[in-house]
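Order of the sequence lines fixes the chain letters, A, B, ..., with proteins taken first and strands second; residue numbering starts at 1 for each chain.
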Number of protein chains: 2
Amino acid sequence: MNIGTVSVKSGLPAKTIRYYEDIGLIRPDRRDNGYRDYSMEDVHRLRFLQRSRSLGFSVEECRQLLSLYSDRDRESAEVKALASTKLSEIERKIVELQGLRDMLRHLVANCHGDNRPECPIIDGLSGKAPVH
Amino acid sequence: MNIGTVSVKSGLPAKTIRYYEDIGLIRPDRRDNGYRDYSMEDVHRLRFLQRSRSLGFSVEECRQLLSLYSDRDRESAEVKALASTKLSEIERKIVELQGLRDMLRHLVANCHGDNRPECPIIDGLSGKAPVH
DNA sequence: TGTCCGCCTTCCAGCAGGTGGAAGGTCAAG
DNA sequence: CTTGACCTTCCACCTGCTGGAAGGCGGACA
C-alpha cells in the first residue's frame, strides 16, 4: 500500500507519516522502486497514533502506548495508569480554560466597544482592575 | 529594577523576559554595568503578557493587545473584537476537551487494570472497539 | 515510442515559543 | 580578597510537524 492510500486511511498527512517513520514510530517495508509499502498493521498503528495524538497524548506517550499496544503480554494496568494521568491533566486543563472563558466573557460583556478610551478588557489584562 | 525581581513580580522566567525583549515586546533601559533596568510600566506590560499568554492569546495577538493597551487613544471596539474572537476559540476548545475527557473516562472506567491482556483503552485507541 | 501527469523519493529549512547551557562580568557580604 | 548569587551574550536544542526544491517512477494516451 502506498503512502497516499495510507494517508487517506489513517487521516494523517503523508509528511507526518514519513516523520513518524523518522522518529521510529513505524517501520514500513520498501519496494524495489524505493516506495514505502504499508501493511494493514501499519495502518492500524497510524490510526492509533492519529487518535492518541488528537486525544492530547504527546508523541512520547504515544510511543509508550504503542509499545504496550504491540506487546500482547503487556499489563493493562500500565495503560490504565497512563490514561488516568492524561485524564486528570485534561480535566485540569478544562477547569483552567473555563476560568479563562469566564474572565473573557466578563470582560467582553463589560466593554462598551465604542471609541471611549476606557476598556475593562485592557484594564483586566493589565491587572489594574480586579477581574472577578 | 533587575530582571530577577521583575521575574518574580511578573511571574515570567528571566529567559522569557529576555526573549520578549528580543522579539520587541518590551524595551527596558540599560544601566552603566549593562544590566537591564525595568520600570513599573515594564512590569505592567510583562504581567499583561503573562496573563494574555496564559489566556491563550498568541504572541502576535499579545503584541496587538499591547499596542492597543499602550495607545491611550485606541478604540476599545478593536480590543473587544479581539477578545470576542478569542472567547469563541476558547469555548470551542473546551467542548473539544470535554469530548476527549468523556472518551478517556469511558476507557479508564472500562479497563479492569489487571494483568489480563485485554484492555479496552488500547482497543479503543486502535479503533478495534467502538469508543462511544 | 514519447510525453504527460500525478505520485513517490530525499533533503534542507523554518514555524512558535521558548529552554538549557557555556563562558564570562558584577556586586554585596563576610 | 574571596565566595556566591546574580547578571550578560550567544548558540544550540526542544516539539511536532510543514513547505518547498529537485528529481525518480508508473500508468494513460497518442
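- Under a 4.0 Å N-O distance rule, the pair E89(B)/R92(B) does not qualify as a salt bridge.
- The backbone N or O of F57(A) sits nowhere less than 3.5 Å from a side-chain atom of S52(A) that would complete a donor-acceptor pair.
- Between L46(A) atom CG and dC17(D) atom P there is a gap of 12 Å when expressed in whole angstrom units.
- Following rounding to the nearest Å, E60(A) (CD) and dT15(D) (C1') show an atom-to-atom distance of 10 Å.
- Taking OG of S54(A) as the reference point, atom CD of Q50(A) lies at 5.0 Å (rounded to 0.5 Å).
- The CZ atom of R53(A) sits 11 Å away from the P atom of dT15(D) (whole-angstrom rounding).
- Between K86(A) and E61(A) there is a salt bridge, since at least one side-chain N of the basic residue sits less than 4.0 Å from a carboxylate O of the acidic one.
- The OH atom of Y20(A) sits 5.5 Å away from atom CG of L12(A), with the distance rounded to the nearest 0.5 Å.
- Distance alone, capped at 3.5 Å, places no donor-acceptor pair between the S10(B) side chain and the V43(B) backbone.
- Closest-nucleotide positions on DNA chain C for Y35(B) and S58(B) were compared, and the one nearer the 5' end corresponds to S58(B).
- Extent of DNA chain C lying under 4.0 Å from chain A heavy atoms, first and last nucleotide in 5' to 3' order, is dC7(C) to dC11(C).
- Listed by residue number, K15(B), R18(B), R30(B) are the residues of residues 6-33 of chain B with a heavy-atom contact under 4.0 Å to DNA chain D.
- In this view, E21(B) and R30(B), R36(B) satisfy the salt bridge (Lys or Arg N to Asp or Glu O under 4.0 Å) rule, not counting sequence neighbours.
- Proximity of a side-chain donor or acceptor of T85(B) to a complementary backbone N or O of A81(B) within less than 3.5 Å is detected.
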